[in-house]
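Throughout, protein chains are lettered first and strands after them, A, B, ... in sequence-line order, and every chain is numbered starting at 1.
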Amino acid sequence: MTFRLYDTATREVRDFVPLEEGKAGVYVCGLTVQSEPHVGHVRSGVDFDVLQRWLRHLGYDVTFIRNVTDIDDKILMKSADQGLRWYELVARMKRQLDQAYDALNVAPPTYEPAATGHVPEMIVLIQELIAKGHAYAAEDGSGDVYFDVRSWPQYGELTHQRIDDMEAAEDADPRGKRDPRDFALWKGWKKESEPETAAWPSPWGPGRPGWHIECSAMAGKYLGPAFDIHGGGVDLRFPHHENEQAQSRAAGRPFASYWMHNAWITTAGEKMSKSLGNSLTIPAVLQKYRGIELRYYLVAAHYRSHVEFSFEALDEAAVGFRRIESFLERAGTVEPGELPEAFVAAMNDDLGTPAALAVLFDVVRAGNRADDPTPQAAQVLAMLDVLGLNPADPAWGPASSDDQRLTDAVDVLVRGLLEQRTRARADKDFATADAIRDQIKAAGIAITDTPDGPTWSLEAGTK
RNA sequence: GGUGGGUUGGCCGAGAGGCGAGGCAACGGACUGCAAAUCCGUGUACACGGGUUCAAAUCCCGUACCCACCUCCA
């Protein structure tokens with residue numbers, strides 16, 4: 001059984017055949033650190049984290065590179081608006097992004113290169129392109145360097161578009177461009193409006209990188225001229241990925257063998273970056289939901305499916321995940337075991353997480369039915385590990401000492417009440433027993449009577 | 001104008017020609033003092049109109065609506 005995945009470039013599910021046996025090189029476009037991360041942003045992080053985990057499970061030696069764009073127009077604009085130095089905004093938002101990834105158990109990439117750290121590599125690549133006749137320095141003295149799309153007949157191959165069918169951006173300043181669709185490899189420093197710290201020396205004068213060149217340069221540096229998988233959000237297909245591929249191939253680098261794109265999360269039918277967004281930033285959502293619940297919600301949809309975000313759906317997901325957790329609690333301490341075949345088949349089929357979860361729930365049911373749930377629990381843990389959803393994973397963070405003391409304190413109080421309730425039940429004073437249970441429930445704690453006596457746990461959904 | 005994607009039961013969400021994925025909710029039953037949890041059972045879903053086929057949610061043609069991208073975007 002081989003791993004198959006959907007390749008956006010060929011528009012079909014294909015067997016994954018790595019360039020080098022046993023190894024997988026993956027490059028994913030990370031974020032531009034210019035605002036607080038929201039649910040949509042982390043979907044990409046979670047989806048490609050599942051890819052990374054699955055490749056590792058399959059035994060590949062994975063090199064996973066996820067970049068950070070830390071200089072661009074938007075960063076300069078927003079930092080100016082907020083009265084911050086641009087790199088100050090970048091540092092703040094990067095910290096938030098890291099916290100969001102940690103909260104969702106997104107494993108760190110092998111390396112996380114930043115654009116500003118790779119200007120020399122970009123300059124080399126641009127020089128190669130100029131030498132080969134695929135790029136030119138603008139003749140208007142702006143210091144810009146453009147990629148010449150007309151010089152590259154395959155331009156448009158990734159997204160199956162012809163140059164003549166493309167609309168030239170209305171807002172694109174035609175300045176020194178030969179064709180309006182030519183895109184910037186290097187942007188000359190605009191003395192009047194841009195800080196000096198946002199300019200780097202180059203053969204074409206001080207300036208900063210164009211958006212696309214960083215990914216080509218960094219992918220080349222860490223993964224080589226040819227590598228296996230390139231990923232990112234669907235919106236990046238064009239122009240970003242098209243341009244990355246064009247400039248890399250025009251420079252003689254074969255670039256990615258497979259292209260993977262995750263779909264959107266929308267709210268009220270709109271992409272998140274367009275809508276309100278405030279209530280959907282990761283810190284805001286984590287006020288009400290645990291990271292593991294949000295991750296479960298994201299993993300429950302296929303990565304290529306559009307998700308319409310709602311708190312109602314997130315509530316449901318949290319309740320569903322609770323079913324898995326309560327099964328594990330009942331099963332006690334168990335070591336992860338083998339993955340069921342059906343689960344492996346689902347994951348091998350283009351990371352079919354929904355089908356994989358269906359298998360997981362089937363095993364949970366079997367375990368609930370069994371006298372000894374240990375074998376099922378072992379399988380469930382193995383599946384959860386692959387999906388990054390094992391509640392016992394230390395990555396979810398050990399309870400802080402304050403949390404632990406609080407839990408211990410609640411335990412003492414609830415146990416006291418449960419003893420009273422047990423006594424009342426023994427006396428057949430059910431009115432008192434039920435009143436105690438209601439009181440505990442009102443505090444958001446669920447009571448479960450078991451043959452070994454009552455136990456308590458937090459109710460699902462809200463923290 | 002060009003290029004993609006979508007519309008599935010009360011809700012979420014898979015599937016891609018033939019046994020009704022799975023979850024949530026609901027209802028009935030078992031268990032329980034009653035609940036909860038758990039288990040068993042209950043559904044004649046695939047936007048609309050045509051067509052192909054022994055058989056269509058799935059393929060073809062057409063229609064409607066929605067979304068994304070076309071140089072800021074996960």
Check your understanding: Quick one: which of B/rA74, B/rG33, B/rU38 gets closest to the side chain of A/Ala433?
Key -> B/rG33

Point to revise | B/rC24 OP1/OP2 closer than 4.0 Å to side-chain N/O of A/Arg322 | key: no

Practice item. Using atom types as modelled and distance alone, determine if a side-chain donor or acceptor of A/Ser79 lies under 3.5 Å from a backbone N or O of A/Leu76. Key: yes

Check your understanding: Nearest to the side chain of A/Gln34 - B/rU71, B/rA74, B/rA37?
Key -> B/rA74

Exercise for review: Classify the ring geometry between A/Phe361 and A/Tyr296 as parallel (under 30°), tilted (30 to 60°) or perpendicular (over 60°).
Suggested key: perpendicular

Exercise for review: Starting at atom CD of A/Glu12, determine the distance to atom P of B/rG5, rounded to an integer number of angstrom.
Suggested key: 13 Å

Review point. What's the NE2-C1' distance between A/His261 and B/rG4, to the nearest Å?
Key: 11 Å

Practice item. Over all heavy atoms of both residues, which pair between A/Gly45 and A/Tyr101 is shortest? Give the atoms and the distance, please. Key: CA-CE2, 3.8 Å

Review point. Hey, does A/Phe361 reach any base, or is it just sugar-phosphate, or nothing, if we go heavy atoms under 4.0 Å?
Key: sugar-phosphate

Practice item. From the options B/rA74, B/rC70, B/rG22, select the nucleotide whose nearest atom is closest to the side chain of A/Pro239. Key: B/rC70

Review point. Is A/Tyr27 close to A/Ile229 at the side-chain level, that is, under 4.5 Å between some pair of heavy atoms?
Key: no

Check your understanding: In whole Å, what separates the C1' atom of B/rA45 from that of B/rA37?
Key -> 30 Å

**Study point:** Pairing nucleotide - B/rA26, Watson-Crick or G-U, each distance under 3.5 Å
**Key:** B/rU42

Practice item. Measure from the side chain of A/Arg425, starting at C-beta and using heavy atoms only, and say which of B/rC72, B/rC34, B/rU71 lies closest. Key: B/rC34

Practice item. Can you tell me the pairing partner of B/rG17 across any strand shown, Watson-Crick or G-U wobble, with both distances under 3.5 angstrom? Key: none

Point to revise | Shortest non-hydrogen contact between A/Gly188 and A/Glu194, atoms and distance | key: O-OE1, 4.4 Å

Check your understanding: Taking only side-chain nitrogens and oxygens of A/Arg11, does any of them come within less than 4.0 Å of OP1 or OP2 of B/rG4?
Key -> yes

Practice item. Round to a whole Å and report the spacing from CZ of A/Arg421 to C1' of B/rG33. Key: 11 Å

Practice item. Could you give the distance separating B/rG13 and B/rG17 at their C1' atoms, to the nearest angstrom? Key: 22 Å

Practice item. Return the nearest nucleotide to the side chain of A/Glu316; candidates are B/rA68, B/rA35, B/rG23. Key: B/rG23

Review point. Within the structure shown, what part of the strands sits under 4.0 Å from A/Thr159 by heavy-atom distance: base, sugar-phosphate, or nothing?
Key: sugar-phosphate

**Study point:** Value in whole Å for how far the P atom of B/rC40 lies from CG of A/Asp362
**Key:** 11 Å

Review point. The side chain of A/Arg369 lies closest to which of these nucleotides: B/rC39, B/rA37, B/rA14?
Key: B/rC39

Exercise for review: Would you check if A/Phe430 stacks with the base of B/rG33, given a 5.5 Å centroid limit and a 30° plane limit, both strict?
Suggested key: yes

Check your understanding: Quick one: is B/rA74 close enough that its OP1 or OP2 comes under 4.0 Å of any side-chain N or O from A/Arg66?
Key -> no

Point to revise | Complementary nucleotide for B/rG33 - Watson-Crick or wobble, under 3.5 Å | key: none

Review point. What is the distance, rounded to the nearest whole Å, between atom CD1 of A/Ile163 and atom C1' of B/rU3?
Key: 15 Å

**Study point:** Candidate list A/Thr8, A/Asp7, A/Asp47, test side chain to side chain contact (heavy atoms under 4.5 Å, CB included), partner A/His261, passing option
**Key:** A/Thr8

**Study point:** A/Asn368, nearest nucleotide to its side chain (from B/rU71, B/rG13, B/rC39)
**Key:** B/rC39

Check your understanding: How far, in whole Å, is B/rG23 from B/rU42 if one measures between their P atoms?
Key -> 14 Å

Check your understanding: Has the side chain of A/Asp434 got a donor or acceptor that lies under 3.5 Å from a partner of the other kind on the base of B/rG33?
Key -> yes

**Study point:** C1' gap between B/rG6 and B/rC48, integer Å
**Key:** 15 Å

Check your understanding: If only side-chain N and O atoms of A/Arg365 are considered, is one of them under 4.0 Å from the OP1 or OP2 phosphate oxygen of B/rC40?
Key -> yes

Review point. How would you label the contact of A/Ala446 with the nucleic acid (heavy atoms, under 4.0 Å): base, sugar-phosphate, or nothing?
Key: nothing

Check your understanding: For the side chain of A/Arg437 and the base of B/rC34, is some donor closer than 3.5 Å to an acceptor across the two?
Key -> yes

Exercise for review: Write down the distance separating the C1' atoms in B/rG51 and B/rA56, rounded off to the nearest Å.
Suggested key: 11 Å

Exercise for review: Scan A/Tyr6 against the nucleic acid and name what it touches under 4.0 Å (heavy atoms): base, sugar-phosphate only, or nothing.
Suggested key: nothing

Study note, to complete from the structure: Taken to the nearest whole Å, NE2/A/His240 to C1'/B/rG4 is 19 Å

Review point. Does a side-chain N or O from A/Asn262 land closer than 4.0 Å to OP1 or OP2 of B/rA74, or not?
Key: no

Review point. Whom does B/rG4 pair with, Watson-Crick or G-U wobble, provided both distances fall under 3.5 Å?
Key: B/rC67

Exercise for review: Among the candidates B/rA74, B/rC34, B/rU38, find the nucleotide nearest to the side-chain atoms of A/Arg323.
Suggested key: B/rU38

**Study point:** Exam field: side chain A/Asp144 to backbone A/Ala138, donor-acceptor pair closer than 3.5 Å
**Key:** no

Revision key, fill the gap. Rounded to whole Å, the CG-C1' distance (A/Leu418 to B/rA35) equals 14 Å

Point to revise | Sugar-phosphate, base or nothing in reach of A/Arg43, heavy atoms under 4.0 Å | key: nothing

Point to revise | Residue closer to the 5' end of RNA chain B, A/Val234 versus A/Arg330 (nearest nucleotide) | key: A/Arg330

Point to revise | Taking every non-hydrogen atom, the tightest pair across A/Trp189 and A/Pro195 | key: NE1-O, 3.4 Å

Exercise for review: Determine which nucleotide pairs with B/rC59, using a 3.5 Å limit on both distances of a Watson-Crick or G-U wobble pair.
Suggested key: B/rG51

Check your understanding: Roughly how far apart, to the nearest Å, are B/rA68 and B/rC61 at atom P?
Key -> 26 Å

Check your understanding: What integer number of Å spans the P atoms of B/rC19 and B/rU32?
Key -> 40 Å

Practice item. Check the distance between B/rC70's P and A/Asp235's CG and give it to me in whole angstrom. Key: 8 Å

Exercise for review: Respond yes when some side-chain nitrogen or oxygen of A/Ser305 is under 4.0 Å from OP1 or OP2 of B/rA14, and no when none is.
Suggested key: yes

Practice item. Quote, to the nearest angstrom, the P distance that separates B/rG15 from B/rG5. Key: 15 Å

Practice item. Determine, stepwise, if the pair A/Arg415 / A/Glu419 fulfils salt bridge (charged side-chain N to carboxylate O under 4.0 Å, His left out). Key: CA-CA 6 Å; A/Arg415 272 183 198 289; A/Glu419 273 169 35; over 6 Å; no

Review point. Starting at the 5' end of RNA chain B, which residue's closest nucleotide do you reach first, A/Leu357 or A/Ser310?
Key: A/Ser310

